[in-house]
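Report on the following structure.
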Amino acid sequence: MKNIIRKQIFELIDTDYQKFAAALIPNINNILGVRLPELRKIAKKIAKDDWHTYLETAENEYFEEIMLQGMIIGYVKTNIEEILPYVAAFVPKIDNWSVCDSFCTGLKFTKENKRLVWEFLQPYLSSEKEYEIRFGVVMLLNFYIETEYIGKVLNLLEGVKHEGFYAKMAVAWALSICYVKIPDLTMEFLKNNMLDDFTYNKALQKIVESNRVNKETKSLIRSMKRR
């Protein structure tokens, strides 16, 4: 099965897209150049078929093979107890922002299993590995920025201590979403926090870049930058 799927992936290679995608993800060198909508079509078919076999035997040589596995985990229709071990097995394969963020977006079963997934995420948020942290943070910004969780989310984001660029940028991104969705509580946090200067200033920058923040607020946010 894995050989059949690899053949399908190779048939979809677009060399022009390969150059574009490789430039966006400079820290890896195994991108074939298959557009994500094409991978999603394959993933949906496998998710309705013998997905267990594919996930347990799939190769990890190419970016697209790893991305495909993440997509399948998101599309599979099964119970939370069965799918979470596959999520846990997949996370160590994440080595770039694109696979991480696409994977997180696809885990929509989180919406119906908030408390269970919340507990599942906690070890990742205190991990020493850059992409484990990014996985945890991007899951928070996708599914937990709401009134019930905002206090806990802000505490967790403040507690992330990792020098990795993609971990810091994930925290900054999450904080900007917190501000857009729940501005009052997030503003209190921004006025008094223990974030490092880089992450804090990047969070302000992302708030200013948001189309959902008005001009007056953007001026205020700019004035809060640490020099």
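It should be emphasised that the depicted structure is a prediction, and the values quoted were computed from it without experimental measurement.
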Problem - Q69-N60 side chain donor-acceptor pair, cut-off 3.5 Å - result: yes

Exercise for the section: Would you tell me whether H162 and E132 have side-chain atoms, one donor and one acceptor, within less than 3.5 Å of each other? Expected result: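 Checked: H162/E132 side chains show no N/O donor-acceptor pair below 3.5 Å.
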
Exercise for the section: Please check if the side chain of T186 supplies one atom and the backbone of I182 the other of a donor-acceptor pair under 3.5 Å. Expected result: yes

Problem - Y144 side chain to K114 backbone, donor-acceptor under 3.5 Å - result: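 Yes.
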
Handout entry: Ring centre gap for F109 and F143 strictly below 6.0 Å
Key =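 Aromatic pair excluded; centres sit 6.0 Å or further apart.
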
Practice task
Tell me whether the centres of the aromatic rings in W51 and Y75 are closer together than 6.0 Å.
Solution key: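 Between Y75 and W51, which both carry aromatic rings, the centre distance is not below 6.0 Å.
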
Practice task
To the nearest 0.5 angstrom, please state how far the NZ atom of K191 sits from the CE atom of M187.
Solution key: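 Going from the NZ atom of K191 to the CE atom of M187 covers 5.5 Å.
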
Taking the basic N atoms (NZ, or NE/NH1/NH2) and the acidic carboxylate oxygens, is any pair closer than 4.0 Å for [X] and [Y]?
X	Y	result
E38	R35	no
R6	E61	yes
E11	K7	yes

Problem - I4, CD1 atom: more than 12 neighbouring heavy atoms under 6.0 Å - result: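 No, CD1 of I4 has 12 or fewer neighbouring heavy atoms, counting only those of other groups under 6.0 Å.
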
Fill in the blank from the handout: All heavy atoms of Y86 vs all of L55, minimum pair found to be CD2-CD1, 3.7 Å

Practice task
For residues 176-213, pull every pair meeting ring pair (Phe, Tyr, Trp, His ring centres under 6.0 Å), keeping only residues two or more places apart or in separate chains.
Solution key: none

